[in-house]
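First up is the structure itself, then whatever we jot down about it.
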Amino acid sequence: MDPPQGPRAPLEFGGPMGAAALMLLLPATVFHLLLAARSGPARLLGPPASLPGLEALWSPRALLLWLAWLGLQAALYLLPARKVAKGLELKDKSRLRYPINGFQALVLTALLVGLGMSAGLPLGALPEMLLPLAFVATLTAFIFSLFLYLKAQVAPVSALAPGGNSGNPIYDFFLGRELNPRICSFDFKYFCELRPGLIGWVLINLALLVKEAELRGSPSLAMWLVNGFQLLYVGDALWHEEAVLTTMDITHDGFGFMLAFGDIAWVPFTYSLQAQFLLHHPQPLGLPMAAIICLINAIGYYIFRGANSQKNTFRKNPSDPRVAGLETISTATGRQLLVSGWWGMVRHPNYLGDLIMALAWSLPCGVSHLLPYFYLLYFTALLVHREARDEQQCLQKYGLAWQEYCRRVPYRIMPYIY
Ligand SMILES: NC(=O)C1=CN([C@@H]2O[C@H](COP(=O)(O)OP(=O)(O)OC[C@H]3O[C@@H](n4cnc5c(N)ncnc54)[C@H](OP(=O)(O)O)[C@@H]3O)[C@@H](O)[C@H]2O)C=CC1
Ligand SMILES: CC(C)=CCC[C@@H](C)[C@H]1CC=C2C3=C(CC[C@@]21C)[C@@]1(C)CC[C@H](O)C(C)(C)[C@@H]1CC3
């Protein structure tokens, strides 16, 4: 069988040079944000007030804590699951099985942390360790990606991803060669996508809230909102865990540095930026403004969940009464595309909802600094790029039917704007 990616296939992310630059730039951004959030001026752009020495980055205690965290999440992943779901059909016609116990892992982690705190676990000490923890998470991502790259050398061609197999080691290391790397039934990509990073993110948020209560007597309203909104987002992702099996990360992208670093280092340490900012830069927030922000988050969540559930329900069973009345376009593959409901409003209504929520997560931090808006800016860029990649794949998959869909639903993410 031919390798999945010919030498002439167009490379993404600016090819090997782009991949090399991103492998430096992404970790540098994590450290910049961590330092900026705790510095007085809290500048998003411009150099940090001071650069940390190696002693501030390296801590054996942080390494132990990090390994214990990964070990705990791996153990929770291996617990009996309420359901075992099948992934999409692979090139060799097989379908992999995935445990659906992410929400259970979140609840058990919360119970363990709660028990630990009542036994004197100093959760408020965690914010002081964010820098060394991010350092070991980054190191782990590099070492793990090397393992994944080497593992792919002995994988059958049918197990390789459509991208990430250009023959250039830097590019392939970055993008990931193997689609679903596993040892026995332990699926590394599925595990990393939803467990250590996402649950780690809400744990860091909680630690920042506890620390704020220790410093100022009680957590601020802004901190409560950020914690509540992001807990809802992570809880939702784990509750609807099965839906991740149809995302492009699982079905299309290989597992390499980009996703490994993104999942275990980028998500917990940069997505908690608003709570980090609030700990060091408390912001006044009145009840009327808080109510408006809650409303914005609720609107974003309503669109995000409505759009994702509508598509998932339709893909599982198009005759389900909740979606059977929607207008569709037939495609040559036998699958249909929705052209009414959420998917008739814009071509990526789920991204629109996600972006509205991103705005609601930053607003509690006020408008005096740009730093807490980093997530909104980065996420807009990520989703615009992701949307373009998905369009390309859909055009290849559905050809004329996709063109017809684009004609009938001309806007990509934001009605009348983009
Ligand atoms: N917080 C974060 O950092 C991130 C969050 N996300 C979120 O993850 C979620 C999943 O996003 P993502 O994986 O990018 O992609 P989507 O869930 O948007 O899925 C895209 C796929 O949906 C199918 N599709 C597209 N249009 C239609 C239609 N009209 N009718 C039916 N099916 C259609 C196509 O696949 P097919 O036809 O093969 O089913 C297409 O490839 C989103 O809510 C996004 O916001 C994503 C990235 C990062
Ligand atoms: C800049 C960089 C390192 C990029 C890597 C991108 C990753 C951080 C994201 C790619 C797709 C993601 C998804 C989620 C988190 C971020 C990453 C890993 C997600 C798990 C968040 C929760 C959502 O409900 C989701 C399950 C739909 C989502 C899936 C995609």
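Residue numbers start at 1 and run along the sequence shown. Counting convention: from 1, in listed order, for ligands and their atoms alike.
Relative orientation of the Phe173 and Phe257 rings is parallel, given thresholds of 30° and 60° on the angle between their planes. Classified by interplanar angle (parallel below 30°, tilted 30° to 60°, perpendicular above 60°), the ring pair Phe186/Tyr77 is tilted. Under the 30°/60° scheme for interplanar angles, the aromatic rings of Tyr233 and Phe304 are found to be tilted. Between Phe261 and Trp266, the ring planes are tilted. Angles from 30° to 60° get that label.
If you number the atoms of ligand 1 from 1 as listed, the ones under 4.0 Å from a heavy atom of Tyr233 come out as 1 (N), 2 (C), 5 (C). Taking a cut-off of under 4.0 Å to the non-hydrogen atoms of Asn350, the atoms of ligand 1 that pass are 16 (P), 17 (O), 18 (O), 42 (C), 43 (O), 45 (O). Taking every heavy atom of Tyr375 and a limit of under 4.0 angstrom, the matching atoms of ligand 1 come to 1 (N). Every atom of ligand 1 is numbered from 1 in the order shown, and the set under 4.0 Å from a heavy atom of Cys394 is 34 (C), 40 (C), 41 (O). Atoms of ligand 1 lying under 4.0 Å from any heavy atom of Trp343, numbered from 1 in the order shown and given with element: 18 (O), 26 (N), 27 (C), 29 (N). Those atoms of ligand 1 with a heavy atom of Phe304 less than 4.0 angstrom away are 43 (O). The Met248 neighbourhood of ligand 1 comprises atoms 13 (O), with distances under 4.0 Å to a heavy atom of that residue. Within the listing of ligand 1, atoms 20 (C), 21 (C), 40 (C), 41 (O) sit less than 4.0 angstrom from a heavy atom of Asp390.
Nearest-heavy-atom check against atom 18 (C) of ligand 2 across Asn350, Asn308, Asp263 picks out Asp263. Here atom 43 (O) of ligand 1 lies nearest to Asn308 when heavy atoms of Asn308, Val244, Val234 are compared. In this comparison of Asp354, Leu337, Val339, the heavy atom closest to atom 6 (N) of ligand 1 sits on Asp354. One option in Arg315, Arg408, Lys311, Lys397 has a heavy atom closer to atom 39 (O) of ligand 1 than any other, and that option is Arg315. With Glu193, Lys189, Glu241, Met258 as candidates, the residue nearest to atom 20 (C) of ligand 2 on a non-hydrogen basis is Glu193. The option with the heavy atom closest to atom 29 (N) of ligand 1, from among Leu338, Thr247, Ile329, is Leu338. Taking all heavy atoms of Tyr405, Phe379, Tyr398, Trp402 into account, the minimum distance to atom 2 (C) of ligand 1 is reached by Phe379.
The side chain of His348, and not its backbone, has at least one atom closer than 4.0 Å to an atom of ligand 1 (non-hydrogen atoms only; side chain from C-beta on). Residue contacts with ligand 2, taken as heavy atom pairs separated by less than 4.0 Å, do not involve Phe257 at all.
Within the 4.0 angstrom cut-off, atom 9 (C) of ligand 2 has no protein heavy-atom neighbours. There is no protein heavy atom closer than 4.0 angstrom to atom 28 (C) of ligand 2. Within the 4.0 Å cut-off (strictly below), a protein heavy atom is located near atom 13 (C) of ligand 2.
Residue contacts with ligand 1 include Leu382, since one of its heavy atoms falls under 4.0 Å from the ligand.
At most 12 non-hydrogen atoms from other residues, nucleotides or ligands lie less than 6.0 angstrom from CZ of Arg322.
Centroid-to-centroid, the aromatic rings of Phe174 and Phe13 come within less than 6.0 Å.
A salt bridge links Asp249 with Arg386: the distance from a Lys NZ or Arg NE/NH1/NH2 to an Asp or Glu carboxylate oxygen falls below 4.0 Å.
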